[in-house]
Protein chains: 2
Amino acid sequence: MPLDLLPVSAPATCCTPAASPAISEQDAVQLARTLKALADPARLRLLSLIAAQDGAEACVCDLIEPVGLSQPTVSHHLKVLTDAGLVTREKRGVWAWFALVPGALEQVTSHLGAHLTGRPA
Amino acid sequence: MPLDLLPVSAPATCCTPAASPAISEQDAVQLARTLKALADPARLRLLSLIAAQDGAEACVCDLIEPVGLSQPTVSHHLKVLTDAGLVTREKRGVWAWFALVPGALEQVTSHLGAHLTGRPA
DNA sequence: TGTCAATATCGACATCCGTCAATCTCCGCG
DNA sequence: CGCGGAGATTGACGGATGTCGATATTGACA
């Protein structure tokens, strides 16, 4: 049945111009790059394992067994996280220690909130 | 005979047990699934465009031109976002309106912070 | 009813991604 | 010096992903 008691409201309501500026193409690419580094179960667990260690740092030998992946795979994931600026790598003698970058995660979430939050008011 | 019993293991500070429990495998998979939906420039822009509209909702015709992708591709990305629970889809006449799911993004960031923050103290 | 416009779905394709085995590099130690 | 171990790099492979053109579907309207 012809509903919409509203006169002609429907046709005009589509394609309204944006009320506020959206995220830029560049910012979207950069933010997506960081999110891609986070968007993997193995890497989330690695970050969580590092965060769970005392001082928020851990050596690779602490991580291989808990995640249940081969050593090269763990090394690969840690490289991805390092390149994304989420962790730092420091060689101490024979061992490589990885530590969370303070504030890195907060920066991601703040960018997300800044661009993707529905109108707060 | 093997000899791990040697007390010399002390100087080797490597391989200390975790100080607190890490994220579970299941939670990691679920969180990664949502992050994967976010980890794409086109989808970030779509979310941002929707958020920028009045009422945090927009119809597809508002989104195709700004993102500069084909209509099927935009439709595909919107489906990914919908399946991830980040936006909702509502058909109004000929048009499909997509709206941000309130609190969905906050839930993601809160889970991130809960598991991946270095010891706050 | 038939046509048109807005979206969704399908099929195909190129690329990217996660994973492992094998190998290489580097460092400490005898 | 040479050995052994920690970890990074390489090569390969199967599966997932982003993109588009073509097509199907659905509602509005004459």
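Model, not experiment: these values are computed from the prediction. In what follows, chains carry the letters A, B, and so on, assigned in the order in which the sequence lines appear, proteins first and then strands, with residues in each chain numbered from 1.
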Is a side-chain donor or acceptor of [X] paired with a backbone partner of [Y] at a separation under 3.5 angstrom?
{"X": "A/Arg45", "Y": "A/Leu63", "result": "no"}
{"X": "A/Ser75", "Y": "A/Gln71", "result": "no"}
{"X": "B/Ser48", "Y": "B/Leu44", "result": "no"}
{"X": "A/Arg92", "Y": "A/Trp97", "result": "no"}

Of the listed nucleotides ([options]), which one gets closest to any side-chain atom of [X]?
{"X": "B/Leu69", "options": "D/dC20, D/dT17, D/dT9", "value": "D/dC20"}
{"X": "A/Ser75", "options": "D/dT9, D/dG21, C/dT7", "value": "D/dT9"}
{"X": "B/Thr73", "options": "D/dT19, C/dC20, C/dG18", "value": "D/dT19"}
{"X": "B/Cys59", "options": "C/dA22, C/dT7, D/dG21", "value": "C/dT7"}
{"X": "B/Pro72", "options": "C/dG18, C/dC20, C/dA8", "value": "C/dA8"}
{"X": "A/Val94", "options": "C/dT7, C/dG28, D/dG21", "value": "C/dG28"}

Nearest-Å distance for atom pair [atom1]/[atom2], residues [X] and [N]:
{"X": "A/Asp62", "N": "D/dG7", "atom1": "CG", "atom2": "C1'", "value": "14 Å"}
{"X": "B/Arg33", "N": "D/dT17", "atom1": "CZ", "atom2": "P", "value": "10 Å"}
{"X": "A/Leu35", "N": "C/dC17", "atom1": "CG", "atom2": "C1'", "value": "16 Å"}
{"X": "B/Leu38", "N": "D/dG18", "atom1": "CG", "atom2": "P", "value": "12 Å"}
{"X": "A/Trp95", "N": "D/dA8", "atom1": "CH2", "atom2": "C1'", "value": "18 Å"}
{"X": "B/Arg89", "N": "C/dA6", "atom1": "CZ", "atom2": "P", "value": "16 Å"}
{"X": "A/Phe98", "N": "D/dA6", "atom1": "CZ", "atom2": "P", "value": "15 Å"}
{"X": "B/Lys91", "N": "C/dT9", "atom1": "NZ", "atom2": "P", "value": "10 Å"}

Going by modelled atom types, is there a donor-acceptor pair between the base of C/dA6 and the side chain of B/Gln71 at under 3.5 Å?
->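 Not at all, since no donor on one side and acceptor on the other fall under 3.5 Å apart.
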Would one find more than 12 heavy atoms of other residues, nucleotides or ligands at under 6.0 Å from atom CD of A/Glu90?
->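 More than 12 within 6.0 Å, yes.
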What residues in residues 76-87 of chain A put a non-hydrogen atom under 4.0 Å from any atom of DNA chain D?
->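 Residues of residues 76-87 of chain A under 4.0 Å from DNA chain D: A/Lys79.
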Flag the pair A/Thr82 / A/Val87 as yes when at least one side-chain heavy-atom distance between them is below 4.5 Å, and no otherwise.
->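 Yes. Closest side-chain heavy atoms under 4.5 Å.
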Least distance between heavy atoms, B/Pro66 atom then B/Leu49 atom |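 Minimum heavy-atom contact is CB-CD1, 3.7 Å.
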Sugar-phosphate only, base, or nothing, as touched by B/Arg43 at under 4.0 Å among non-hydrogen atoms |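 Answer is sugar-phosphate: B/Arg43 comes under 4.0 Å of backbone atoms only.
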